[in-house]
Amino acid sequence: MGEQKTVEDFANWLRDLAVTLHENAAYLTELDSAIGDADHGTNMDRGFTAIVAVLDETTFESVDELLKKAGMTLVSKVGGASGPLYGTFFLRFGTALAGAEITPASVGAALKAGIGGILTRGKPELGDKTMYDAWAPALEAYDGAVAGGSDLGGALAAAAEAAAKGRDATIPLVARKGRASYLGERSAGHQDPGATSTTLLLESAARTLA
Amino acid sequence: MGEQKTVEDFANWLRDLAVTLHENAAYLTELDSAIGDADHGTNMDRGFTAIVAVLDETTFESVDELLKKAGMTLVSKVGGASGPLYGTFFLRFGTALAGAEITPASVGAALKAGIGGILTRGKPELGDKTMYDAWAPALEAYDGAVAGGSDLGGALAAAAEAAAKGRDATIPLVARKGRASYLGERSAGHQDPGATSTTLLLESAARTLA
Amino acid sequence: MGFMKKLINDPADVVSEALRGMEAAHPDHIRVDHENRIVYRKDAPKAGKVGLISGGGSGHEPMHGGFVGLGMLDAACAGEVFTSPVPDQMMAATKEVDAGAGVLHIVKNYTGDVMNFEMAAELAAAEAGTEVLSVVTDDDVAVQDSLYTAGRRGVGVTVLLEKLVGAAAEEGRPLQEIADLAKRINDNGRSMGMALTSCTVPAAGKPTFELAENEMEVGIGIHGEPGRQRLPLAPAKDIAALLVDPVVGDLPYQQGDTVIAFMNGMGGTPLIELYLMYNEVRQLLDRAGITVARSLVGNYITSLEMAGCSVTLLKVDDELVRLWDAPVNTPGLRWRA
Amino acid sequence: MGFMKKLINDPADVVSEALRGMEAAHPDHIRVDHENRIVYRKDAPKAGKVGLISGGGSGHEPMHGGFVGLGMLDAACAGEVFTSPVPDQMMAATKEVDAGAGVLHIVKNYTGDVMNFEMAAELAAAEAGTEVLSVVTDDDVAVQDSLYTAGRRGVGVTVLLEKLVGAAAEEGRPLQEIADLAKRINDNGRSMGMALTSCTVPAAGKPTFELAENEMEVGIGIHGEPGRQRLPLAPAKDIAALLVDPVVGDLPYQQGDTVIAFMNGMGGTPLIELYLMYNEVRQLLDRAGITVARSLVGNYITSLEMAGCSVTLLKVDDELVRLWDAPVNTPGLRWRA
Ligand SMILES: Nc1ncnc2c1ncn2[C@@H]1O[C@H](COP(=O)(O)OP(=O)(O)O)[C@@H](O)[C@H]1O
Ligand SMILES: Nc1ncnc2c1ncn2[C@@H]1O[C@H](COP(=O)(O)OP(=O)(O)O)[C@@H](O)[C@H]1O
Ligand SMILES: [Mg+2]
Ligand SMILES: [Mg+2]
Ligand SMILES: [Mg+2]
Ligand SMILES: [Mg+2]
């Protein structure tokens with residue numbers, strides 16, 4: 001439980017996430033059909049299938065190398081909006097953990113760095129109806145849990161729960177970023193696909209890094 | 001009844017036929033959809049609408065002029081297979097009546113000439129699943145009725161009845177001429193559109209020239 | 001009448017309004033006689049050149065109006081949708097493009113087209129003394145050929161023939177030579193088509209045939225008519241074989257032959273699929289030992305909004321390849337000009 | 001997964017198989033790096049010439065791969081269907097076509113495209129020292145423009161821009177001038193599109209949106225996304241007004257302006273309807289006092305098999321008309337070459 005997490009644990013997270021995204025590919029694409037271009041599930045599935053292929057081939061010495069490679073793989077294989085966004089997230093998440101011990105605090109700082117990457121690339125603001133609407137409350141909840149003494153698993157569980165709330169909160173929003181913004185008022189009433197995949201990512205992390 | 005038919009009577013036939021074809025345009029096109037290209041009703045309707053326009057504008061001195069003009073109008077306005085076929089029919093039908101008294105016999109000879117035009121243009125044989133499968137028995141029945149002493153109306157009624165039988169007999173046939181022939185065996189089970197319009201033509205004649 | 005997913009106004013005006021748009025779009029290539037619905041090469045008649053005329057029902061765009069211009073047709077007569085034009089149109093066009101060297105009528109083998117062009121040729125010869133020869137294209141191997149039937153349909157080869165014969169006419173060759181060349185091209189070409197969907201004749205208002213979501217029609221023509229066979233949907237690889245095999249199997253192809261390969265879309269199939277299909281076709285031709293000298297991929301002889309495709313192969317020699325490469329400048333096909 | 005009326009094999013292979021077919025069809029124009037899914041102009045890099053690169057999701061054919069060749073692009077990067085390509089592709093293309101004069105990236109304004117191209121430009125500049133400038137097209141008036149949103153989509157103007165800037169690059173003009181020209185072209189172009197039907201992303205297996213038989217979507221983009229408004233089906237005349245009015249109403253058109261008018265099909269709409277629509281568009285432009293210098297009518301920037309169309313107007317001066325008329329020799333657009 002409270003033990004130091006290893007490269008294997010993070011690799012297992014990525015493998016679990018790949019399975020989850022594969023299982024949810026049709027669902028994510030369906031959400032993207034309503035207010036986008038019907039590819040978010042395929043995009044995420046393609047990216048994480050590629051990550052699993054890398055994991056099968058390569059042995060990683062450190063968590064940061066693993067995560068940076070995951071980010072580079074997403075950048076190279078996904079395309080669309082989600083490729084650079086999730087790719088940059090993992091690149092910066094990994095970079096922040098370079099040389100660091102894996103602690104609730106260091107992971108929190110890395111999450112923040114990763115989300116910073118999303119902000120740099122996509123310039124989302126809260127309420128724009130994007131994945132950031134899941135990431136922002138997740139980070140806040142994570143930090144709060146750590147401040148309250150949670151271990152990594154607990155903090156990730158709190159983050160996942162907050163992400164899910166943020167994801168649900170995207171439903172009534174009128175999109176201002178991403179493809180959904182082209183629909184104007186018609187984007188209201190639909191859940192953002194990226195906020196949904198972000199929630200799956202954090203739920204998987206809470207499951208596998210507990 | 002047995003009186004000599006005038007230009008007006010023949011003009012009335014064409015007008016009645018125009019109404020009939022207009023009313024049956026969707027039906028004829030539907031038949032042509034099954035084994036052709038979905039235009040027979042539109043073609044016939046366009047042609048006879050043009051004939052009515054001519055009738056509204058022109059006074060004809062003789063039956064043969066009227067019928068030749070009808071034929072030329074069909075040739076000029078219809079196109080497709082039915083334009084030259086019905087156009088040539090009316091051209092030769094009219095030409096055969098030039099200078100002749102309108103009698104059951106002269107009309108019979110003219111019908112034969114008209115059908116000869118169809119044979120020249122389309123080279124149909126009996127059983128090819130074309131309009132000729134209605135025309136051929138119609139002519140035979142007409143001649144038989146005249147030989148049996150029928151007046152014009154009676155002979156036309158006999159012709160129309162035989163045409164209807166010929167039309168129905170096209171249903172099981174495998175087409176060898178026209179577009180339906182492209183379907184091979186799949187053309188069987190469908191009624192030929194041209195045989196159907198030929199029957200309408202003769203039924204209208206029997207109605208208006210009785 | 002049901003709803004039609006078409007960009008049209010009154011169904012009766014489709015052809016004439018489309019011709020107006022075409023004229024507006026291509027002022028450098030064509031002029032249009034709207035009363036007679038004839039698309040003329042802007043500078044027709046060309047002194048000393050054999051006049052080339054084609055025509056047929058509308059709904060096959062860009063054929064034929066889009067193939068009017070330098071190196072191809074001098075005039076195209078547009079009929080109603082899927083209905084052959086009338087002799088008056090071909091007569092008017094024949095007189096207009098005759099520059100003293102005679103006129104060739106390029107006719108697709110449909111009963112209506114053949115009869116209407118025949119009447120026009122008779123009348124034009126009688127009235128104006130114009131020398132008219134005709135070539136009838138009949139390349140569709142989906143149709144059983146026989147003396148007792150209407151014979152095979154004219155489909156994809158018509159496009160290639162108009163290009164090749166157009167180039168020959170541009171060289172100033174005499175009418176009989178042009179007609180012989182046309183005949184030779186037709187004899188060396190074969191086609192086969194298939195449909196994923198039906199199409200709707202505007203005046204009819206509903207699809208000519210119904211096709212379930214798991215079905216396709218194989219052996220279709222270009223008039224929305226049903227095909228020879230209804231089959232379950234299949235991968236592109238299998239569809240390519242269904243089209244290529246009967247084409248290659250029919251005379252006159254054999255190992256070592258060189259062809260122009262024409263992958264045609266029926267109107268509603270996007271280019272990405274046509275390229276994908278062409279990849280399959282090329283693999284089959286490679287395996288059959290047939291060399292492709294030139295390729296044409298796109299929507300050139302269509303059936304309104306029908307989804308589907310056809311494959312045409314034309315056996316060529318060096319002369320035909322040279323004629324293919326010659327300049328052409330029409331709305332629908334253009335190169336080296 | 002339901003049935004798809006598409007000529008494909010495995011949905012995952014659509015893009016790579018289509019690229020193989022494209023390469024087979026156009027051996028004189030292009031070569032394809034299949035691993036990186038890049039379509040190159042056959043003779044790239046051209047010494048001394050600014051390299052022009054575009055790219056984007058697939059499903060818009062002939063754009064962009066069909067616009068590679070003399071007088072247009074040097075390379076096009078193909079993403080998955082409706083998914084922007086990845087930076088590795090743009091980086092590879094950038095290095096390959098750089099002939100010392102720098103490279104222009106032509107990017108349609110979509111979050112994914114912009115981000116991926118940005119990453120590529122950063123990396124290419126860092127790695128190889130190639131000078132890279134970018135132009136982002138955003139001409140779709142269906143989308144409300146605002147500082148706080150993703151902004152307008154890049155649609156039809158992209159095609160015209162690639163042609164015009166391609167001609168300028170062919171003249172050997174320097175990178176900054178080319179980029180300025182591109183910016184000016186984008187600023188002077190506006191578009192608006194509509195759909196009669198949805199389309200199906202192969203990997204998704206079903207239509208992106210559902211549309212009843214009496215409905216149409218107005219204000220759509222090119223990725224099968226729903227539009228701004230769902231309206232009852234209307235005659236071509238009314239649809240033309242729905243498209244032309246917001247385009248003309250937006251800056252910068254006014255009475256007396258001269259434009260290139262581009263009537264584009266979305267992929268499933270046949271040419272006969274596009275010409276008919278263009279006739280309507282021209283009448284509206286006449287009434288607005290706008291002169292059409294050049295026309296382009298056809299399926300050039302598409303959305304798979306979607307039925308529908310878009311109108312693009314680009315305000316031009318004599319120089320732009322001259323660049324438009326300059327030779328172009330690509331699979332999708334070709335003249336004077
Ligand atoms: N500017 C942005 N900032 C943050 N997230 C964004 C932005 N634009 C889009 N997204 C996210 O990306 C998701 C769409 O991803 P995807 O469908 O894979 O890419 P694309 O939109 O290019 O098709 C959206 O649901 C949204 O959450
Ligand atoms: N060779 C022929 N001889 C006689 N009648 C024919 C021949 N070919 C076709 N027809 C008739 O023409 C009818 C079709 O007419 P129509 O649909 O108007 O023309 P098209 O076949 O050119 O579309 C057929 O139903 C058939 O009766
Ligand atoms: Mg998407
Ligand atoms: Mg018909
Ligand atoms: Mg017809
Ligand atoms: Mg996308």
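Computed from a prediction, not measured in an experiment: that's the story for all the values here.
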Can you tell which of [options] has the highest number of heavy-atom pairs within less than 4.5 Å of chain C?
{"options": "Leu233(D), Ile239(D), Asp238(D)", "result": "Leu233(D)"}
{"options": "Lys6(D), Lys237(D), Met216(D)", "result": "Lys6(D)"}
{"options": "Asn329(D), Leu274(D), Val14(D), Asp13(D)", "result": "Val14(D)"}

Checking Arg282(D) side chain against Ala24(C) main chain: does a donor-acceptor pair fall under 3.5 Å?
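Indeed, once roles are kept as given, a pair shorter than 3.5 Å links the two residues.
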Using modelled atom types and a 3.5 Å cut-off, is there a donor and acceptor pairing between side-chain atoms of Lys5(D) and backbone atoms of Glu215(C)?
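Yes: the side chain of Lys5(D) pairs with the backbone of Glu215(C).
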Side chain / backbone / both / neither for Met306(C) at chain D, heavy atoms under 4.5 Å
neither
Below 4.5 Å from any heavy atom of chain D, which atoms of Glu280(C) appear? Answer side chain, backbone, both or neither.
side chain
Closest-packed option against chain D by number of heavy-atom pairs under 4.5 Å, given Pro27(C), Pro235(C), Cys199(C), Gly66(C):
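Between Pro27(C), Pro235(C), Cys199(C), Gly66(C), the count favours Pro235(C).
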For the interface with chain D, which of Pro62(C), Pro270(C), Ala240(C), Gly65(C) has the highest count of heavy-atom pairs at distances below 4.5 Å?
Pro270(C)
What part of [X] gets closer than 4.5 Å to chain C, counting heavy atoms only: side chain, backbone, both or neither?
{"X": "Leu304(D)", "value": "both"}
{"X": "Leu211(D)", "value": "both"}
{"X": "Met263(D)", "value": "neither"}
{"X": "Ile8(D)", "value": "both"}
{"X": "Ala212(D)", "value": "backbone"}

Atom pair [atom1] ([X]) and [atom2] ([Y]), whose distance is rounded to the nearest 0.5 Å:
{"X": "Leu7(D)", "Y": "Ile272(C)", "atom1": "CG", "atom2": "CD1", "value": "11.5 Å"}
{"X": "Glu305(D)", "Y": "Leu196(C)", "atom1": "CD", "atom2": "CG", "value": "10.0 Å"}
{"X": "Met4(D)", "Y": "Asn214(C)", "atom1": "CE", "atom2": "CG", "value": "13.5 Å"}
{"X": "Asn9(C)", "Y": "Met277(D)", "atom1": "CG", "atom2": "CE", "value": "9.0 Å"}

Going by atom types only, do Glu23(D) and Asn279(C) share a side-chain donor-acceptor pair under 3.5 Å?
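Looking only at side-chain atoms, Asn279(C) and Glu23(D) do not form any donor-acceptor pair under 3.5 Å.
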Can we call the ring centroids of His26(C) and Tyr275(D) under 6.0 Å apart?
yes
Residues in residues 330-337 of chain C near chain D [non-hydrogen atoms, under 4.5 Å]
Pro331(C), Arg334(C), Trp335(C), Arg336(C), Ala337(C)
Report, by ascending residue number, the residues of residues 284-301 of chain C in heavy-atom contact with chain D at a distance under 4.5 Å; give 'none' if the set is empty.
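Residues in range: Ser295(C), Val297(C).
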